[in-house]
Amino acid sequence: MIPTSKEIRQSFLDFFASKNHQIVPSAPMVVKGDPTLMFTNAGMNQFKDWFLGNEPALYNRVADTQKCLRVSGKHNDLEEVGLDTYHHTMFEMLGNWSFGNYFKQDAIDWAWEFLVGKMGLNPERLYATVFEGAADDKLERDDEAANLWLKYLPAGSVINGNKKDNFWEMGDTGPCGPCSEIHVDIRSEDEIAKIPGVELVNKSHPQVIEIWNLVFIQFNRKANGQLEELPAKHVDTGMGFERLCMALQGVKSNYDTDIFQHTIAELGNLCNIKYGDNEKTDIAMRVIADHLRAVSFAIADGQLPSNNKAGYVIRRILRRAVRYGYTFLGFREAFIFKLIEALKETMGAAFHELASQQSLIEKVIKEEEESFLRTLSTGIRLMDDLMAKAKQENRTEIQGKNAFVLFDTYGFPLDLTELIARENGMTVDTEGFQSEMEQQKNRSRNAATQETDDWVEIRKIEQTVFLGYDKFEAEIRIARYRKVTQQKKTFYQLVFDQTPFYGESGGQAGDTGTIEFEGQKWVIFDTQKENNLIVHLTEKMPAAPDETFIAKVNIQKRQNTANNHTATHLLHAALREVLGKHVEQKGSLVNADHLRFDFSHFQKMTEEEIEQVEKIVNARIRENSVREENRKMPVEEAKKLGAMMLFGEKYGSEVRVIKFGESVELCGGTHVNATGAIGLFKIVYESAIAAGVRRIEAVTAEHAEKFVNEHIKILKYIQDSIKSTNDILGSVMNLQKENSELSKQVEIFNREKVKVVKEHLKNRILQENGINIISGEVGMGNPNMVKDLAYQLKGEVENLFLVIGAVIDGKPLLTVMISENIVAEKGLDAGRIVREAGREIQGGGGGQPFYATAGGKYADGLQAAIDKALSFVK
RNA sequence: GGGGGAUUAGCUCAGUUGGCUAGAGCGUUUGACUGGCAGUCAAAAGGUCAGGGGUUCGAUUCCCCUAUUCUCCA
């Protein structure tokens, strides 16, 4: 009986539950509150603070399955995906952890018990690697792990690995340690007979692969590169779920497991191509099946495709999928969104966010696909131009610089440029392209360099105590600090033993304020949160950092922020009341000046809906509901209370619940004591930010008052200046109507005047050598009338040579118009004539051979200029 | 965070040495043809050339700032 992916996942969790592990849900794939990471790229991310010692571990044994995305930074697999059968952008990582509890022995015993005992993998096909040691770090071989493996494996199956493969580090600094990997050989008997598996371990063979990495964290790497032994040792393991399924289901590719096959079959139906028929179309289908997952889960976690940061990464993944579909499967219209139903059928049971967010995911993806198809068609047009130009210049190569512009500025991928070039018998200078790319990378790197010194620890603390819910001011001591230099600017990060400062998180801006000691003040210009660490930023470091300081939060700003935050909760509840329960928070920003709230909703809000929402919020404010706060409520109880849980948020087992009347939310932010403090709430802006997502911006209290007053002031000003008493709108509309009628009148008069002047000039035609010469000064209101006059005369008088002078707004204007045939016959050039004659009015000019104008500063010279112009035909 | 683009009619876009009375296709309206529809033909309406400053006799075009947006890199 072949186990399904669902059964395999469950067996893993059940197994470690039986070993007294706490099973926790997957953290969101999109990381919030960690500046060093955009996406969860390993199972341990959500426990980072426990490893770093920033906060105590809640459990000492944990296991889970974690949604991971590897598309940027150190682990970037994006361009590999699809080409082989085992790389992914998004994947599930099964993991078990020990926080200062068990170590190498249990980790290895249980891994073996699960794989061989529970899941029935053939032990003869398994290999283990252990760290061979490294001289530069003065580390010995990990004999302890090796000996443990020898209980289960023959000596020939325990292999030494180097620092690159078998020493795990989180980053340049931080916790690290040796690791031991389990590899499995899933080749056929025949192949194994030819080459023993042991020779293929870590050789990138698609069927001799690592499935489980057991990391033994025993060191801390400092900024100077040295290692120090950790007091508490941890275990961090990660097993690729897709690979495990492949091994257990007896297939040769991750994509042949039931995790992907349903989606691939559906895709095959859409394009009428069978998976397995052709290498090229197979790659495309794998790319799409993989990217679809990554993008769908990212959107479900609240990360919409956008034009920078994490959102941009998501956009790029989706576009890569569209590109493959476009090139290899012949899709010319959006298609990926149609596969979400199939994905939901496969994974929806384990990850119910797929089902509950399905229509949003579909809309967003469809919109993105369509927008990228437009980008592609623009690129194809530009490509046509480039090729035409190259052919003109007898080149068969598209210059690297041009290909780069196409890519860099217009987002047109290089492989498509090459494809189109090839189809037209041309090539692309990819070396030139790469060198341009290299320059761009250097520019960015130079701009982004940041130097971070080691933390200087003054006193040991377990975790900063946050006092800000109750206090604006407190005695604090600095626990540690470090210097950060970024683009020649230097500032310091301070961590306190306790603090009234709120660190930026949950959309609420960080506090500002001061710390004081004996009359001296240091400004805290921002407070940030890195995971759960509250970091205070200051430009100057106190000379005696081990003193006790008074920390004071900027109260005015904090209160304004609280107004806006509470108003956001009321707004959220009101939107659900007016628009429906499909409204869910997709993003939120709260600072002292205003609030911004993004939420799922599929159409523009009507004026009436906005008005109604505003009305409800203001009514709640007047009700003056008192804040009911519970800082440590079990998450299950909060759910029962009807608190809104957001997808894409990580919740601990105990949560803070904020209740104002009907509004119940899980929230770590700071709020008003009673809604009355908000005073007034005004929506100032409603717009779309993506398919299916709207944004509201609003202001409260003084800012709302100011907003209203300014509008009233403007209205009053209008009322005063149009001398209207009651019907302002009617008066303005009347004025507009009158204005347009008057403009039309002026237009008519002007035309009439041009006509009169024209007739007058026609009566003064001077014939000379078969040329009809007209000249004179005319009084015209604007240059366009003169132009009009000239063109009319050209149409009505043959063989014309016209010179007109006019003074408009005190400035002289000279116009010359010559019939085209005269230009040709006599070799005249109106442009040259006005340039020469223009000197008489201290100006210059130009135009075309038959029509040119010149302007100047010296109006008295106008007649001389006219004479000068006439001298060209006389 | 750094670089490169874009912003012209309701929509998609042309508009290169600064001066072609600012254009095309689609759409809209009207009229004609057809028994009706589909359609074909003809005509018209529709533009503060994103906003602000500057250079110039003259700016959609060149320069600077702002806003919005796209795109690449980190």
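What's counted below: heavy atoms across the whole structure, side chains too, no hydrogens, waters or symmetry copies. Quick note on labels: first sequence line is chain A, next is B, and so on, each numbered from 1.
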Subject >> Residue list, salt bridge (charged side-chain N to carboxylate O under 4.0 Å, His left out) with A:K794, at least two apart or on another chain >> reply: A:E820
Original post:
Using a distance-only test with no angle check, is there a side-chain donor-acceptor pair under 3.5 angstrom linking A:N772 and A:E798?
Top reply: no
Subject >> Minimum side-chain heavy-atom gap A:L376-A:P413 below 4.5 Å >> reply: yes
Original post:
Is there a side-chain contact between A:L761 and A:V778 (heavy atoms, below 4.5 Å)?
Top reply: yes
Original post:
Taking the same atom, P, in B:C37 and in B:C49, what whole-Å distance lies between them?
Top reply: 41 Å
Subject >> Between B:G4 (C1') and A:F433 (CZ): distance, integer Å >> reply: 13 Å
Original post:
How many Å lie between CD on A:Q848 and P on B:U16, as a whole number?
Top reply: 14 Å
**OP:** Report the distance from atom CG of A:D385 to atom C1' of B:A14, rounded to the nearest whole Å.
**Re:** 11 Å
**OP:** Could you measure between the two P atoms, the one in B:C41 and the one in B:G58, and give it in whole Å?
**Re:** 46 Å
Original post:
Quick one: A:M437 CE to B:G2 P, roughly how many Å, whole number?
Top reply: 20 Å
Subject >> C1' atoms of B:A59 and B:C73, separation to the nearest Å >> reply: 34 Å
**OP:** Provide the distance between the two C1' atoms, one in B:C70 and one in B:U30, to the nearest whole Å.
**Re:** 39 Å
**OP:** Could you note down all residue pairs passing ring pair (Phe, Tyr, Trp, His ring centres under 6.0 Å) where residues 397-421 of chain A supplies at least one of them, sequence neighbours left out?
**Re:** A:F404-A:F433, A:F407-A:F433
Subject >> Heavy-atom donor-acceptor pair, A:Q440 side-chain to B:G2 base, under 3.5 Å >> reply: yes
Original post:
Does A:S819 offer a backbone N or O that forms a donor-acceptor pair with the side chain of A:N799 under 3.5 Å?
Top reply: no
Original post:
Given atom CE of A:M817 and atom C1' of B:G19, what is their separation to the nearest angstrom?
Top reply: 12 Å
Original post:
In whole angstrom, what separates A:E438's CD from B:G4's C1'?
Top reply: 17 Å
Subject >> Between A:Q439 and A:N442, a side-chain donor and acceptor under 3.5 Å >> reply: no
Original post:
Can you find a pair of side-chain heavy atoms, one from A:I818 and one from A:L802, that are under 4.5 Å apart?
Top reply: no
Subject >> A:L304 side chain near A:R315 side chain, heavy-atom distance below 4.5 Å >> reply: no
**OP:** Assess whether atom NZ of A:K758 is packed by more than 12 heavy atoms of other residues, nucleotides or ligands within 6.0 Å.
**Re:** yes
Original post:
When all nucleic acid strands are considered with a 4.0 Å heavy-atom cut-off, which category describes A:R381: base, sugar-phosphate, or nothing?
Top reply: sugar-phosphate
Original post:
Using the P atom in both, what is the distance from B:G23 to B:U16, to the nearest Å?
Top reply: 15 Å
Using the 3.5 Å cut-off, write out each protein N or O paired with an N or O of nucleotides 51-60 of chain B and the distance between them.
{"unit_1": "B:C57", "atom_1": "O4'", "unit_2": "A:G855", "atom_2": "O", "d": "3.0"}
{"unit_1": "B:C57", "atom_1": "N1", "unit_2": "A:G844", "atom_2": "O", "d": "2.9"}
{"unit_1": "B:C57", "atom_1": "O2", "unit_2": "A:G844", "atom_2": "O", "d": "3.4"}
{"unit_1": "B:C57", "atom_1": "O2", "unit_2": "A:G855", "atom_2": "N", "d": "3.1"}
{"unit_1": "B:C57", "atom_1": "N3", "unit_2": "A:G844", "atom_2": "O", "d": "2.8"}
{"unit_1": "B:C57", "atom_1": "N4", "unit_2": "A:G845", "atom_2": "N", "d": "3.4"}
{"unit_1": "B:G58", "atom_1": "OP1", "unit_2": "A:K811", "atom_2": "NZ", "d": "3.3"}

Original post:
Are the side chains of A:M38 and A:V313 in touch, meaning some heavy atoms are under 4.5 Å apart?
Top reply: yes
Close N/O contacts between protein and nucleotides 69-71 of chain B (under 3.5 Å):
{"unit_1": "B:C70", "atom_1": "OP2", "unit_2": "A:N307", "atom_2": "ND2", "d": "3.1"}
{"unit_1": "B:U71", "atom_1": "OP1", "unit_2": "A:R319", "atom_2": "NH1", "d": "2.3"}
{"unit_1": "B:U71", "atom_1": "OP1", "unit_2": "A:R319", "atom_2": "NH2", "d": "2.3"}
{"unit_1": "B:U71", "atom_1": "OP2", "unit_2": "A:R315", "atom_2": "NH1", "d": "2.3"}
{"unit_1": "B:U71", "atom_1": "O3'", "unit_2": "A:Y312", "atom_2": "OH", "d": "3.3"}
{"unit_1": "B:U71", "atom_1": "O2'", "unit_2": "A:F407", "atom_2": "O", "d": "3.2"}
{"unit_1": "B:U71", "atom_1": "O2'", "unit_2": "A:D408", "atom_2": "O", "d": "2.3"}
{"unit_1": "B:U71", "atom_1": "O2'", "unit_2": "A:G411", "atom_2": "N", "d": "3.4"}

Solution key, residues 834-857 of chain A side-chain donor-acceptor pairs under 3.5 Å, sequence neighbours excluded:
{"unit_1": "A:R835", "atom_1": "NH1", "unit_2": "A:G845", "atom_2": "O", "d": "3.4"}

**OP:** Mark yes or no: A:K586 above the aromatic ring of A:F599, with NZ or CZ under 6.0 Å from the six-membered ring centre and no more than 45 degrees from the axis.
**Re:** no
Subject >> Whole-Å C1' distance, B:U17 and B:A24 >> reply: 24 Å
Original post:
How does RNA chain B look in dot-bracket form if you count Watson-Crick and G-U pairs under 3.5 Å, write [ ] for pairs that cross, and put | where a base pairs with another strand?
Top reply: (((((((..((((.....[...)))).((((((.....)))))).....(((((..]....)))))))))))).
Subject >> Toward the 5' end of RNA chain B, by each residue's nearest nucleotide, A:R443 or A:A852 >> reply: A:R443
Original post:
When rounded to the nearest Å, what value does the distance between P atoms of B:G27 and B:A74 take?
Top reply: 44 Å
**OP:** Nearest whole angstrom, please: distance from the C1' of B:G3 to the CZ of A:R445.
**Re:** 14 Å
Original post:
In whole angstroms, how far is the C1' atom of B:U12 from the CD atom of A:E370?
Top reply: 15 Å
Original post:
Expressed in whole Å, how much space separates the P atoms belonging to B:G46 and B:C63?
Top reply: 33 Å
